[in-house]
Structures are given as structure tokens and as C-alpha cells.
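Data block below; observations after.
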Amino acid sequence: MGILYLVGTPIGNLEDISLRALRILREVSLVAAEDTRQTKKLFARYHISTPLISYHEHNKRSRLPYLCTRLEEKDIALVSEAGMPGISDPGYELVCAAIERGFAVVPIPGASALLAALAASGLPTDQFAYVGYLPRRQSDRRRLLTTLREEPRTIVAFESPHRLLRSLQDALEVLGERPIAVARELTKVHEEIWRGSIEQAIAYFTEKPPLGEFTLVIAGVERRRPPVDRETIKEQLLALMDEGMSGKEAVSQIAAATGVSKREIYKILTEVSASLDEDRLDRP
């Protein structure tokens, strides 16, 4: 029984491919490619002669049975036009079919516009929400953006050059003004990562017509900090410490219950400790 390898390929610069990926592409019996023209350029650069077969959005249903039959006996590699196959491309259906039939599916990591743009955006990277390509129709696009209005995580989306300005305008109207990084042509000669606000991005790309493939990295909604009721927190600190709890434990418990930052509560704890010391000094 064969293995389906998901091989990450360059998103622009042909040097962005791993030694493992090159070895797998040479060893498998067949490579299913989303765009054989692009894959042939990669094969020519690295002298790979493995047979190619097209597998894309318009023929994926007819190709699936054949590829699954080939997997019965031999290993196959799947590559997308660029980046990791299975992410916003027809590779997803082949992966599902292979898993359902009991074939091993092995990822060979490679370049990713999503991660490259996120890492260089200057926006929070600890959590993010990837929404793929923004819908073509404005009504669908605005509906999706509406669902993201209260999303606290950084938002990452792909967009084409001829819809970029319309999508930015929709983002401004639906999400409101917020920071954004617009990455285009990543790893290519004309790579650019622009950073600013959504309104500034609209002005910039209106003056400079957008060209190339775009990745948008948009800041999540800024959560407002709850108001700090200092007197209430002081009372809670004193009550918990009277029960035998340490200052550190009391701070953690109050922070978890109120949403107030530990740093702010520690400041109040310092005041409480100082007042307790003064009381002791004033006693006869």
C-alpha cells in the first residue's frame, strides 16, 4: 500500500524547498500537480524526471479514482501551485479520500505565504484566525467580515490584486479602523510588506496599483480592560490574606475572577502592604 506525500513547494523563490522534499519528489512513482507548468519549472531547476499528472479544481473528481488506484501499489506526491498542498486548494479532497481508504498521508513541510506574512506582520502571532481567500461577491465578503468583527485573534486572509481595494474598503466599513499588514509577492523579486492602518492601506494602494498575490494580516479587535475598582480589590486582598492566603495567591485569584491584570493588582497589594505596616507602627 502506497503513501500520499503532501510536498510543500516554493511560493516564489525556487530555493525555498527542503532536501527532503526534493528526495521525495524524485522517489515517488507519480506527482499530482495543481499547475503542471509551475511544477515543470521546479523539476527543471532540480533535474527531477518523475512523471507528472494534473490535479486541479476542474478535474479533481475525475482524477480521484485513478490516483487512489495508483496508491494501492505505489507512493504518490501531491503538490499545489505554490506552498503547502491541501491549504485553500483542491488537495483537501484527495487527502480525505486517501484517509478514508486507509492510505498513509505524510506532510513534507515547506514554504507558506500564510505563516511568512504573519511572522513578518508585526502583529500578535500567538493566536490567529485563517479564513482563506476572501469571498468574491461583496455581500458574501461583508458577511464573513461581520463574523470576524469581535474576533480577538489576528486575522489572516488571501486576496487577489483586482479585488484588494474593494476588500480593504469592506474591511474598514465592517471591522473599523485597525492595524493591518499587507504582504505581496512574498519571496519574489518585488516582495513588499506594507504596515499601517486599513485606511492608510487604501490610500497607499490607490496611488500604487496593486500587483501580485496578496496576504492580509489584520489585527484582532482590541479588548477593553475592565475598570479597576481599587477599593473593592483592596478589600478582597485583605479578606483573602486574613484567611491565610499569600499575597501572590490572592493576586492570582482576584485576577482570574475579575479580569484585571496581575500587574495592576500587585500595585494595589503594595499599597495594602504599606498601609498595614503603617498601622503596626502607629500602634502603642
Using the rule given for side-chain contact (heavy atoms from CB on, under 4.5 Å), can you reason through Ile99 versus Val95, listing the C-alpha separation, both sets of side-chain angles and the distance that settles it, and then say yes or no? CA-CA 6 Å; Ile99 293 172; Val95 171; 3.8 Å; yes
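- Two residues are said to be in side-chain contact when any heavy atoms from C-beta on lie closer than 4.5 Å; Val174 and Arg149 meet this criterion.
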Between Gln169 and Glu173, does the side chain to side chain donor-acceptor pair (under 3.5 Å) criterion hold? Intermediate values first, please. CA-CA 6 Å; Gln169 187 62 49; Glu173 293 177 11; 3.1 Å; yes
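- Counting only distance, with no hydrogens or angles, the side chain of Arg26 and the backbone of Ala21 share no donor-acceptor pair below 3.5 Å.
- Following chains of ILVMFWY side-chain contacts shorter than 4.5 Å, one can reach Ile155 starting from Ile198, so the two form part of one hydrophobic cluster.
- The minimum heavy-atom distance between Leu6 and Met84, with the atom names listed, is O-CE, 4.0 Å.
- Following chains of ILVMFWY side-chain contacts shorter than 4.5 Å, one can reach Ile48 starting from Ile108, so the two form part of one hydrophobic cluster.
- Salt bridge status for Arg230 with Glu264: present, with a side-chain N to carboxylate O gap under 4.0 Å.
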Test side-chain contact (heavy atoms from CB on, under 4.5 Å) on Ile193 and Arg195 and set out the steps. CA-CA 7 Å; Ile193 303 175; Arg195 304 172 185 87; 3.6 Å; yes
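- Sorted by first and then second residue, the side chain to side chain donor-acceptor pair (under 3.5 Å) pairs with a member in residues 97-126 form an empty list; sequence neighbours excluded.
- Note that the OG1 atom of Thr36 and the NZ atom of Lys41 stand 11.0 Å from one another [nearest 0.5 Å].
- Arg70 and Glu73 are not joined by a salt bridge, as no carboxylate oxygen comes within less than 4.0 angstrom of a charged side-chain nitrogen.
- Closest approach of Ser252 to Lys262, counting heavy atoms only: OG-NZ, 3.5 Å.
- Leu175 is connected to Tyr204 through a chain of hydrophobic side-chain contacts under 4.5 Å among Ile, Leu, Val, Met, Phe, Trp and Tyr, so both are in one cluster.
- Under 4.0 Å is where a charged nitrogen must lie from a carboxylate oxygen, and between Glu213 and Arg184 no such pair does.
- Put simply, the side chain of Arg61 never gets that close to the backbone of Glu57: no donor and acceptor are under 3.5 Å apart.
- When side chains are defined from C-beta on, Leu269 counts as touching Met241, because their heavy atoms get closer than 4.5 Å.
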Could you go through Tyr55 and Tyr66, starting from their C-alpha distance and side-chain angles, then the distance that decides it, and tell me whether this counts as ring-ring contact (aromatic ring centres under 6.0 Å, His included)? CA-CA 11 Å; Tyr55 178 79; Tyr66 172 72; over 10 Å; no
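- Atom OH of Tyr46 sits in a crowded spot, with more than 12 heavy atoms from other residues, nucleotides or ligands closer than 6.0 Å.
- Distance check: Ser167 OG to Leu144 CG gives 10.0 Å after rounding to the nearest 0.5 Å.
- The closest side-chain donor-acceptor pair between Glu249 and Ser246 falls under 3.5 angstrom.
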Evaluate the criterion side-chain contact (heavy atoms from CB on, under 4.5 Å) for residue pair Val106 and Leu4; output intermediate values, then yes/no. CA-CA 6 Å; Val106 178; Leu4 173 63; over 6 Å; no
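- Leu78 places none of its side-chain heavy atoms less than 4.5 Å from the side chain of Leu67.
- Taking the side chain as every heavy atom from C-beta outward, Phe158 and Leu216 never approach each other to under 4.5 Å.
- Side chains of Arg166 and Leu164 form no contact here, defined as non-hydrogen atoms less than 4.5 Å apart.
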Can you check ring-ring contact (aromatic ring centres under 6.0 Å, His included) on Phe214 and Phe205, steps first, answer last? CA-CA 12 Å; Phe214 287 82; Phe205 287 104; 5.7 Å; yes
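- Residues Lys60 and Pro90 approach most closely at CD-CB, 3.8 Å, considering heavy atoms.
- Considering only heavy atoms from C-beta on, Leu30 comes within 4.5 Å of Ile53 through its side chain.
- Distance check: Leu52 CG to Phe43 CZ gives 4.5 Å after rounding to the nearest 0.5 Å.
- Under a 3.5 Å cut-off, the side chain of Thr39 and the backbone N or O of Ala33 do not form any donor-acceptor pair.
- Between the side chain of Arg178 and the backbone N or O of Ile218 there is no donor-acceptor pair closer than 3.5 Å.
- In terms of modelled atom types and a separation under 3.5 Å, the side chain of Glu151 and the main chain of Val221 share no donor-acceptor contact.
- Checking Asn59 against Ser54 by side-chain atom types alone, a donor-acceptor pair falls below 3.5 Å.
- A distance-only check finds a donor-acceptor pair linking the side chain of Ser29 to the backbone of Asp75 [under 3.5 Å].
- Between the SG atom in Cys68 and the CG atom in Leu94 there is a gap of 6.0 Å [rounded to 0.5 Å].
- Contact annotation: the side chain of Ile180 approaches that of Leu168 to within less than 4.5 Å [non-hydrogen atoms, C-beta and beyond].
- Residue Arg23 places its CZ atom among more than 12 non-hydrogen atoms of other residues, nucleotides or ligands, all under 6.0 Å distant.
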Quick one: do Ile3 and Val28 satisfy side-chain contact (heavy atoms from CB on, under 4.5 Å)? Show the steps, please. CA-CA 9 Å; Ile3 298 172; Val28 295; over 6 Å; no
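- A donor-acceptor pair is defined here as one N or O able to donate and one able to accept, closer than 3.5 Å; no such pair exists between the side chain of Glu191 and the backbone of Leu186.
- The distance from atom CD of Gln200 to atom CG of Leu172, rounded to the nearest 0.5 Å, is 11.0 Å.
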So Glu159 and Arg136, salt bridge (charged side-chain N to carboxylate O under 4.0 Å, His left out) or not? Walk me through it. CA-CA 9 Å; Glu159 189 52 285; Arg136 297 186 179 189; over 6 Å; no
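- Glu199 CD: 12 or fewer foreign heavy atoms inside a 6.0 Å radius.
- Lys208 has its side chain within reach of Glu192: a pair of non-hydrogen atoms, C-beta onward, lies under 4.5 Å apart.
- Among residues two or more places apart in sequence or in another chain, the side-chain contact (heavy atoms from CB on, under 4.5 Å) test is passed with Arg263 by Ser261, Lys267.
- By the ring pair (Phe, Tyr, Trp, His ring centres under 6.0 Å) test, Phe103 pairs with no residue at all, sequence neighbours left out.
- Between Gly212 and Glu185, the closest heavy-atom pair is CA-OE2, 3.2 Å.
- For Pro109 against Ser18, the heavy-atom pair with the smallest separation is O-OG, 4.3 Å.
- Val260 pairs in a side-chain contact (heavy atoms from CB on, under 4.5 Å) with only one of the listed residues (Ile254, Ile268, Ile233), which is Ile233.
- The two residues Leu123 and Ala219 make their nearest non-hydrogen contact at CD1-N, 3.7 Å.
- Counting only distance, with no hydrogens or angles, the side chain of Thr187 and the backbone of Asn13 share a donor-acceptor pair below 3.5 Å.
- To the nearest 0.5 Å, the span separating OH on Tyr266 from CG on Leu237 amounts to 10.0 Å.
- A distance-only check finds no donor-acceptor pair linking the side chain of Glu243 to the backbone of Met245 [under 3.5 Å].
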Take Ser88 and Tyr130 through the test side chain to side chain donor-acceptor pair (under 3.5 Å) and record every step on the way to the result. CA-CA 10 Å; Ser88 295; Tyr130 169 61; 2.5 Å; yes
